Amino acid sequence: MTDIGNIGLHKNLIDIQVDKVNGKNNKPQAQPASVNTDRTSSDLINKYLDNQAQINKPSVTQTAAIDGKSSAPVNYRNNLRDMFRNNEAVILAMVPRNFTAEDKNGDELIETNQGEKPGTFLSAIKRLDEVKAEGFNTFHILPIHPPGKTHAMGTAGSLYAPEKYIEDDGQIAIDPTLVDPNDPRTPQQQMKAFIDECHKRDIKVMLDLPSCASVDMFNAHPELMAIDKNGNPETPEGWQDIRMFNPWKDKSKRELNPALLDMHMKYVDSCIDLGIDGIRSDVARAKPTEFWDILINHARQRDPEFAMLGESYTYETASPQANMPYDRPEDSLRAGFDAIYGQHHIFHELNNAKGATNYITEMLDMSDRLPAGKTLIGSFMTHDDETLMNHGGPDFCDLVSIVQSTIPMCNPYVLDGFQSGDTYKYGYSGKDAKDYNIKSETDNTELETHPYKMDIFNLTRKPGGEHPEIGKVMTSAFKMRSDPKYNDIITKGDFIELKKGKDKDDQVWAYARHLNGKTLLVVANMNKNRNSSAVVKIPTLKGTQELNNLVDNYGKPSKFQVEDGEIRMELGPSRAHVFEIDTPDIEKYLDPEQIHKQNFTNPNPNPEPQGTKKK
């Protein structure tokens, strides 16, 4: 194994210069034609990271082959990275153990001793046609590893406190709960069967890589773990069930921990062997950019289209947090991540249209400081967030579906259960396992949950609520987005701030998307409780323009009056509409500051120093 610890910044920069003199040249990675993502050669840290990734990656033991007859589609090709960079991923986040869970008695728990069944990889196959029909093309599969049992949260253990990541033979470690005991195939073969069925439907599979370890893993692998100056395990603030990894051999010299890096490389190798298309990295800031640069380059050498989504926020409100560094989203994107979370999870807190517009334009400005094609997901509600049903009910959920389907620099993202308005309110929360005559699989008998968030600690019901109409509006928005007539406008078009009047409380959010002479107009009422009115100014609009909503209608009706150059409107609470309008020359009559573009073309931007931002 190469010694990561003995190579420093100075030596790497010398090696770069020597390579130039000797005419050495690494073979470039294959890149899709749509977006050029080469990093700037003028950035010192990127020179360091690129060189370190090539020189200092440790040798990795070959993982065992996955035996068994494969049903993989013959012509399948992974292009998830390309999809991210062109804003074409539409993501459903799901937990396999509840995705198809069978709660027969209706108490929301899965009591295996009473014949109820949790979800498995094989049972998940029966929902794939439903997922495809809803408009999704990518899964974010939350962690699938055996949960730790010591100091655990809940009776099944947290998804983010793995007992182990990989088996002794290098294959990915899979929670036995997700395995059908009546099927003769190995856990890995059963998972691959699910992945193959996803690929037959052109659904990509992105697996969640946890950031930490369980207490059990901490005890079993001290060489991987972080210890503070007093000899105590480092634990993220507020999480008693997990322990931090130590990414450093010598932090003062920026020397990485080779054992931890080697484990992660084996993990990536196993993912690629299974046919997984990419990774979502939990709490990306828990490891330094040097670590990610090496790991991501390793993945891309095997699969240039292997996608990397980092859980990184634009304004990390939890920083500084005990044992956790500040979030640095731009550095994460420069280190190789294709997309980050951004800050859409606070959208429900915004009380006016200006706040919504400002965030979009800030992200587009950020893209100018980054290699081409860096992007975000529509992180309006993830497993870490309260249900959007608490923040405006079904109509607000519908508004979010339309917004994330039309804003720039966004890959829509939905947590399973959103489609029908799941409140994630569990009647068993806080009770004891004995109250339900079930045996805890951990050292904790409390049926612990986080209020109004998906339960990731217990064997629970299949997600779902009482408002299927939310899914209908969502699907109509995704259908519009994928329509060849509108797809390029939405995924690559300019973002236009539209001026308006007679909206003293700034409640009507009006913007346009424009590309190659075609324009989509989007209007949304930020007020969840009452109608809002405005006069939206649209240069070159004709008074004869017909307005046909491109998404399903919902909620209280809105009213529109079209005149030359403007539309007078009164929007129902949380109402959003999308119209195609005939304004091919609109940008000629706008102020330059109204037009914003995502960087799809410049591979070598000049990044400004990234400071720490706070909300």
Side-chain angles (χ1 to χ4, degrees), residues 92-124 126-127 130-131 139-149 152-163 174-181 194 208 210 214 239 241-242 381-390 414-468:
L92 178 65
M94 68 90 146
V95 175
R97 71 187 186 190
N98 72 25
F99 190 61
T100 53
E102 299 178 12
D103 173 29
K104 297 178 180 179
N105 62 12
D107 65 3
E108 301 184 288
L109 283 170
I110 302 304
E111 294 133 324
T112 57
N113 61 345
Q114 299 178 35
E116 296 182 336
K117 296 179 180 180
T120 67
F121 283 118
L122 296 183
S123 67
K126 66 187 179 185
R127 281 194 65 186
E130 165 199 335
V131 169
F139 271 124
H140 165 204
I141 301 179
L142 273 67
I144 61 168
H145 314 299
K149 311 300 184 186
M153 297 185 71
T155 59
S158 171
L159 300 177
Y160 288 91
E163 180 184 59
I174 296 175
D175 183 357
T177 302
L178 308 181
V179 179
D180 185 344
F194 166 75
D208 202 310
S214 65
W239 294 91
D241 64 328
I242 55 178
M381 185 186 83
T382 73
H383 72 275
D384 286 321
D385 303 306
E386 276 193 11
T387 173
L388 289 177
M389 290 291 290
N390 281 7
V414 167
L415 179 66
D416 194 27
F418 168 88
Q419 308 96 307
S420 54
D422 199 334
T423 62
Y424 308 113
K425 183 179 180 181
Y426 302 96
Y428 56 77
S429 180
K431 297 181 181 179
D432 197 273
K434 65 182 180 182
D435 296 334
Y436 293 85
N437 192 30
I438 60 174
K439 181 181 181 298
S440 175
E441 298 298 323
T442 72
D443 63 358
N444 186 2
T445 62
E446 181 185 353
L447 294 161
E448 188 171 5
T449 68
H450 287 167
Y452 303 108
K453 299 179 182 180
M454 179 181 279
D455 183 1
I456 61 171
F457 309 124
N458 305 282
L459 295 184
T460 188
R461 59 169 171 80
K462 174 183 172 182
E466 299 177 353
H467 295 276

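Only a predicted model underlies this, so the values are computations on that prediction, with no experimental measurement involved.
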Intermediate values then yes/no, side chain to side chain donor-acceptor pair (under 3.5 Å), D175 and T177: CA-CA 5 Å; D175 183 357; T177 302; 3.2 Å; yes
Is the count of non-hydrogen atoms from other residues, nucleotides or ligands lying under 6.0 Å from Y436 atom OH greater than 12? yes
Pair listing, salt bridge (Lys or Arg N to Asp or Glu O under 4.0 Å) test, anchored in residues 419-429, at least two apart: D422-R461
Tell me, please, which residues at least two apart from Y424 pass ring pair (Phe, Tyr, Trp, His ring centres under 6.0 Å). none
Is there a side chain to side chain contact (heavy atoms under 4.5 Å, CB included) between F418 and L388? Walk through the geometry before answering. CA-CA 8 Å; F418 168 88; L388 289 177; 4.0 Å; yes
List in chain and number order the residues that pass side chain to side chain contact (heavy atoms under 4.5 Å, CB included) with P162, two or more places apart in sequence or in another chain; answer none if no residue qualifies. H145, Y165, P210
Side-chain donor-acceptor pair under 3.5 Å between S440 and T155, yes or no? no
dist E108:CD -> L459:CG (nearest 0.5 Å) comes out at 14.0 Å
Salt bridge (Lys or Arg N to Asp or Glu O under 4.0 Å): pairs with one or both residues in residues 439-460, sequence neighbours excluded: none
How are the rings of F457 and H450 set to each other: parallel, tilted or perpendicular (split at 30° and 60°)? perpendicular
Any P96 side-chain heavy atom under 4.5 Å of I144 side chain: yes
Under the side chain to side chain donor-acceptor pair (under 3.5 Å) test, residues paired with S158 that sit two or more places apart: none
At their closest point, which heavy atom of A152 faces which heavy atom of T442, and how far apart are they? CB-CB, 3.5 Å
Any side-chain heavy atom of V179 sitting closer than 4.5 Å to one from F121? no
Once ring pair (Phe, Tyr, Trp, His ring centres under 6.0 Å) is applied, do any residues pair with Y426, and if so which ones, sequence neighbours excluded? Y428
Of the options K462, H140, R127, which is the one that meets D416 in a side-chain hydrogen bond (donor to acceptor under 3.5 Å, both in side chains)? R127
So M94 and L142, do their side chains get closer than 4.5 Å, heavy atoms only? no
Is M153 close to W239 at the side-chain level, that is, under 4.5 Å between some pair of heavy atoms? yes
Side-chain H-bond candidate by donor/acceptor type, T460 with N458, under 3.5 Å: no
Applying side chain to side chain contact (heavy atoms under 4.5 Å, CB included), name anything that partners N105, two or more places apart in sequence or on another chain. D103, D107, E111, Q114, E116
Please walk me through it: do V131 and F139 pass side chain to side chain contact (heavy atoms under 4.5 Å, CB included)? CA-CA 9 Å; V131 169; F139 271 124; 3.9 Å; yes
Report yes if the side chains of H467 and Q419 come closer than 4.5 Å at any heavy-atom pair, otherwise no. no
Residues two or more places apart in sequence or in another chain: which of them pass side chain to side chain donor-acceptor pair (under 3.5 Å) with S420? none
Distance col, row L109:CG vs I438:CD1, nearest 0.5 angstrom, shows 5.0 Å
Residues A156 and R97: closest non-hydrogen pair is CB-NH1, 3.7 Å
Shortest non-hydrogen separation from N113 to N437 and the atoms involved: ND2-O, 2.7 Å
In chain order, what residues pass the side chain to side chain contact (heavy atoms under 4.5 Å, CB included) check against D435, with sequence neighbours excluded? K431, D432
Rounded at 0.5 Å granularity, tell me how far CD1 in I242 sits from OG in S214. 10.0 Å
Tell me every residue that passes side chain to side chain contact (heavy atoms under 4.5 Å, CB included) with T382, counting only those two or more places apart in sequence or in another chain. Y341, S379, D384, D385, Y413
Side-chain donor or acceptor of T449 paired with backbone N/O of P451 under 3.5 Å: no
Any residue meeting ring pair (Phe, Tyr, Trp, His ring centres under 6.0 Å) with Y160, in chain and number order, not counting sequence neighbours: H383
Give a yes or no on whether the backbone of G157 and the side-chain of K149 come within a donor-acceptor separation of less than 3.5 Å. no
Counting C-beta onward and ignoring hydrogens, is there a side-chain heavy-atom pair between P118 and T112 closer than 4.5 Å? yes
Taking the side chain as everything from C-beta on, heavy atoms only, tell me whether N98 gets closer than 4.5 Å to P463. yes
For E466, give me all partners under salt bridge (Lys or Arg N to Asp or Glu O under 4.0 Å), at least two apart in sequence or on another chain. none
What verdict does the side chain to side chain contact (heavy atoms under 4.5 Å, CB included) test give for V95 and M454, after you've listed the backbone C-alpha separation in whole Å, the side-chain angles of each residue and the deciding distance to 0.1 Å? CA-CA 9 Å; V95 175; M454 179 181 279; 3.6 Å; yes
Distance-minimising heavy-atom pair for T100 and A124: CG2-CA, 3.8 Å
I141 vs F99, side chain to side chain contact (heavy atoms under 4.5 Å, CB included): CA-CA, chis, key distance, verdict: CA-CA 10 Å; I141 301 179; F99 190 61; over 6 Å; no
